[in-house]
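Numbering of ligands and ligand atoms starts at 1, following listing order.
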Amino acid sequence: MVRRVAVLTSGGDAPGMNATIRAIIRAGIANNLQMYVIFEGYKGLVEDNIIPVDRTFVSEILMRGGTIIRSARLKEFKDEAVQDIAVANLKSHGIDALVVIGGDGTYRGAIALAKKGINVIGVPATIDNDVVGTDYTIGFDTALNTITDAVDKLRDTSSSHQRCTIIEVMGNSCGDLALFSGTACGVDLILSIEYRPTNEEIIAKLRHIHSNRARHALVIVSEKLIPNLQELADLIEDNTGFDTRIEVLGRIQRGGSPSASDRVLAARLGVHAINLLVDGQRNRCVGIVNDKITNTDINEAFEQKRKTNEGLIKVISTLK
Ligand code: F6P
């Protein structure tokens with residue numbers, strides 16, 4: 001039977017991580033579990049930066065961006081000797097289960113610990129929306145709203161100056177932030193891993209806009225897709241007549257107060273994570289699929305490839 005449960009956040013922070021921590025701690029306490037937090041992700045786990053917490057530890061954090069227990073990326077965690085230190089630290093506190101909040105890198109660390117006998121539960125929180133086993137990750141909706149707001153503002157200046165504005169958004173190797181924000185903002189072109197017009201198509205489209213509307217154009221590009229954005233800007237300038245600017249939105253996408261939707265998702269997934277532990281389940285990751293809260297074996301989920309949102313791609317192709 002599980003009695004002591006620890007929580008950590010790891011990888012890139014995401015809006016809604018605090019709401020998730022709150023839900024997990026409060027659900028744990030409601031089920032008479034002793035709850036712990038680990039500061040700075042796997043780094044804190046290895047350094048034994050672990051404390052027991054009560055209900056008030058998570059007061060007034062629901063609406064705050066970032067993560068109050070901080071995050072880190074620890075490359076060394078792939079070494080078994082480092083993982084063994086983490087396991088020993090958990091055992092020294094008598095901790096029976098670990099809930100990890102983060103993206104695929106976070107799940108990778110959890111799977112390593114599961115192999116060493118630790119009961120782990122994964123809760124998907126990353127702006128990238130790149131985790132298998134869930135339609136949406138905590139933080140994606142807020143980041144999407146941040147991007148939408150930024151693109152709406154860039155539209156004003158792009159239009160005033162009759163420019164083509166290329167906007168790079170995050171997503172790691174997942175194009176969802178580009179595809180969803182491009183649709184939300186009605187941009188002229190979206191370039192992502194899943195939807196990638198050729199250079200000829202890009203030029204033809206922008207030439208058409210330039211000669212017909214002679215106003216401005218907005219292009220959203222997923223990070224890491226095009227090694228040198230300046231080359232794309234030069235290609236556009238040289239072939240379409242558009243004065244072109246590049247805007248990299250960067251880590252502003254990770255900040256801010258979580259949207260209502262992310263807060264609700266955090267509450268639902270956090271409570272489900274604790275319910276699984278109380279039910280005696282092991283090594284699961286939680287998610288929302290077709291608006292139902294669900295869970296999957298964390299190893300199986302990790303082996304699967306995330307499915308492309310074909311429905312949205314069709315919408316984008318129709319509206320292009
Ligand atoms: O995983 C979240 C994310 O923001 C990605 O979109 C991005 O590629 C990466 O983290 C950047 O990480 P860092 O802030 O550690 O450079």
Side-chain angles (χ1 to χ4, degrees), residues 8-21 39-45 64-78 100-111 122-151 166-182 184 190-196 220-229 246-259 262 265-266 269 285 287 298 301-302 305-306 308-309:
L8 63 77
T9 49
S10 166
D13 63 341
M17 277 186 163
N18 283 327
T20 314
I21 297 165
F39 291 97
E40 290 176 40
Y42 293 110
K43 180 169 171 283
L45 178 53
R64 282 168 59 186
T67 159
I68 61 158
I69 55 174
R70 304 190 294 276
S71 190
R73 297 191 198 274
L74 183 67
K75 284 199 196 97
E76 295 77 12
F77 203 71
K78 59 179 177 333
V100 300
I101 305 169
D104 57 352
T106 307
Y107 279 21
R108 197 173 301 125
I111 287 167
V123 182
T126 162
I127 64 163
D128 298 336
N129 210 34
D130 61 349
V131 180
V132 176
T134 190
D135 290 344
Y136 297 105
T137 54
I138 297 158
F140 174 69
D141 181 68
T142 309
L144 184 56
N145 281 295
T146 301
I147 297 170
T148 303
D149 182 53
V151 175
I166 301 172
I167 303 140
E168 184 193 275
V169 299
M170 279 187 165
N172 204 6
S173 50
C174 174
D176 280 6
L177 278 176
L179 297 169
F180 280 72
S181 65
I190 301 171
L191 277 66
S192 81
I193 301 122
E194 306 82 355
Y195 184 81
R196 172 79 162 95
I220 286 193
V221 184
S222 284
E223 66 171 352
K224 300 179 186 172
L225 184 72
I226 297 177
N228 186 350
L229 272 187
I246 299 167
E247 307 291 345
V248 177
L249 294 189
R251 288 169 190 75
I252 197 164
Q253 295 162 95
R254 293 215 303 240
S257 179
S259 65
D262 274 333
L265 185 59
L269 294 183
C285 56
I298 196 164
F302 203 72
K305 206 176 151 347
R306 196 179 154 82
T308 299
N309 191 327

If you measure from each heavy atom of Gly171 to ligand 1, is any distance below 4.0 Å? yes
protein heavy-atom neighbour closest to atom 6 (O) of ligand 1 works out as Asp128 OD1, 2.6 Å
Test side-chain contact (heavy atoms from CB on, under 4.5 Å), reference Val131, set Thr137, Ile138, Val123, Thr106, output is Thr137
Asn172: numbered ligand 1 atoms lying under 4.0 Å from its heavy atoms: 6 (O)
As a quick check of understanding, evaluate side chain to side chain contact (heavy atoms under 4.5 Å, CB included) for Leu179 and Asn309, giving each step before the final call. CA-CA 9 Å; Leu179 297 169; Asn309 191 327; 5.7 Å; no
Non-hydrogen atom of Lys224 closer than 4.0 Å to ligand 1: yes
Give a yes or no on this: more than 12 heavy atoms of other residues, nucleotides or ligands lie within 6.0 Å of atom CZ of Arg64. no
Would you mind running through ligand 1 and noting each atom that sits below 4.0 Å from a heavy atom of Met170? 4 (O), 6 (O)
If you scan protein heavy atoms around atom 3 (C) of ligand 1, the nearest is Arg254 NH1, 3.4 Å
Starting from atom 16 (O) of ligand 1, locate the nearest protein heavy atom and write down its residue, its atom name and how far away it is, to 0.1 Å. Arg251 NH2, 2.8 Å
Can you check whether Leu269 reaches Pro124 side chain to side chain, under 4.5 Å on heavy atoms? yes
Taking all non-hydrogen atoms of both residues, which atom of Ala178 and which atom of Ser192 are closest, and how far apart? CB-CB, 4.2 Å
Tell me, which protein residue and heavy-atom name are nearest atom 8 (O) of ligand 1, and how many Å apart are they? Glu223 OE2, 2.6 Å
Tell me whether the centres of the aromatic rings in Tyr107 and Phe302 are closer together than 6.0 Å. no
Any chance the side chains of Ser259 and Asp141 put a donor and an acceptor closer than 3.5 Å? yes
Identify the protein heavy atom lying closest to atom 9 (C) of ligand 1, giving its residue, its atom name and the separation to 0.1 Å. Arg73 NH2, 3.6 Å
